[in-house]
Amino acid sequence: MQDADSPLKTIREDIAAACQRAGRGTDSVTLLAVSKTRTAPELAALADQGQRDFGENYLQEALDKMDALAGRDLVWHFIGPIQSNKTRDIAARFDWVHSVDRLKIARRLSEQRPEGLPPLNVCIQVNVDDEESKSGVPLADVAELAAGVAALPNLALRGLMAIPRADSDDASRSAFRQLAMTLSQLRNTMPGLDTLSMGMSADYGVAIEEGATVVRLGTALFGPRPPR
Ligand SMILES: *Cc1c(COP(=O)(O)O)cnc(C)c1O
């Protein structure tokens, strides 16, 4: 039921309001529809309403949907953990990868990016909470990894991504602020970095106030996720 009561319009209004609070232009934020576990027809319904950017976590599921939606001029973002044996298909089929947290994976993505495609857009995933269980490079190691990724020929390093522990708006805000400060430090030596991928369904307004340029929304757009 995507038609009459599509949340897309409300979310776009919320994004515009947050941009206004932050004194930013509405087009400074890209809405990434996180479509893991959603069917190709559900994605098509959003695409029919003008949604172009889709984020996927599971490779095979994503490839099936890409095939089903071929010809629609969509932008595909890989946002999940990356195993080495998945890099070839990710490099060949995606436009963006938000979840690079090791140089080894970045090297493979660069080597495997097919000739004739533009460089693969990449964000480094940062573990802002320093939780042992989560993916992402620790804040202290971001600069070194960024320098390594920036040197790879077939990748375009665009910025940083994080999934902060979202237990309160205040906790999210301080994590977002830390990520924004880290990007701003990197920009001293890499002025081309322009992307802060942060903010999900529960906290995207706060993320935009703190400088997010990409917000990644699943539940807010599609409703609660079915079990996979
Ligand atoms: C699932 C997921 C999201 C979307 O989460 P919601 O809370 O449903 O908006 C965003 N980013 C990443 C990396 C995810 O895996």
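Atoms within a ligand are numbered from 1 in the order they appear, just like the ligands themselves.
G136 and N127 make their closest contact through O-CB, 3.6 Å (heavy atoms, listed as atom of the first residue, atom of the second, distance).
The ligand atoms of ligand 1 that sit less than 4.0 angstrom from a heavy atom of G218 are 4 (C), 6 (P), 8 (O), 9 (O). Close contacts between ligand 1 and N57 involve ligand atoms 14 (C), 15 (O) [criterion: under 4.0 Å to a heavy atom]. For ligand 1, the atoms lying closer than 4.0 Å to a non-hydrogen atom of V34 are 1 (C), 2 (C), 3 (C), 4 (C), 10 (C). The ligand atoms of ligand 1 that sit less than 4.0 angstrom from a heavy atom of K36 are 1 (C), 2 (C), 3 (C), 14 (C), 15 (O). Numbered from 1 in the order shown, with element, the atoms of ligand 1 that lie under 4.0 Å from a heavy atom of R216 read 4 (C), 9 (O), 10 (C), 11 (N), 12 (C), 13 (C). Annotation for ligand 1: atoms under 4.0 Å from non-hydrogen atoms of I163 are 13 (C).
The protein heavy-atom contact nearest to atom 8 (O) of ligand 1 is T219 OG1, 2.5 Å. Nearest protein neighbour of atom 9 (O) of ligand 1, counting heavy atoms only, is S201 OG, 2.5 Å. Residue, atom and distance of the protein heavy atom nearest to atom 10 (C) of ligand 1 are M200 SD, 3.2 Å.
Residues R102 and D141 are not paired through a salt bridge, judged by the lack of any N-O separation under 4.0 Å between the basic side chain and the carboxylate. At a threshold of 4.0 Å, the pair E209-R21 counts as salt-bridged, since one of the basic side-chain nitrogens sits closer than that to a carboxylate oxygen.
Ligand 1 has no nitrogen or oxygen under 3.5 angstrom from a nitrogen or oxygen of L217.
For the atom pair CE of M200 and OG1 of T219, the computed distance is 8.0 Å after rounding to the nearest 0.5 Å. Interatomic distance, M198 CE to R177 CZ, rounded to the nearest 0.5 Å: 10.0 Å.
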For salt bridge (Lys or Arg N to Asp or Glu O under 4.0 Å), just list the numbers for D53 and R216, CA-CA rounded to whole Å, side-chain angles, deciding distance to a tenth of an Å, and then say yes or no.
CA-CA 10 Å; D53 291 87; R216 309 180 309 266; over 6 Å; no

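R225 counts as a contact of ligand 1, since one of its heavy atoms falls under 4.0 Å from the ligand.
Annotation for R88: atom CZ does not count as buried by contact number, only 12 or fewer foreign heavy atoms lying within 6.0 Å.
Side-chain heavy atoms closer than 4.5 Å link hydrophobic residues (I, L, V, M, F, W, Y) into clusters, and following such links, possibly through other members, connects L69 to I90.
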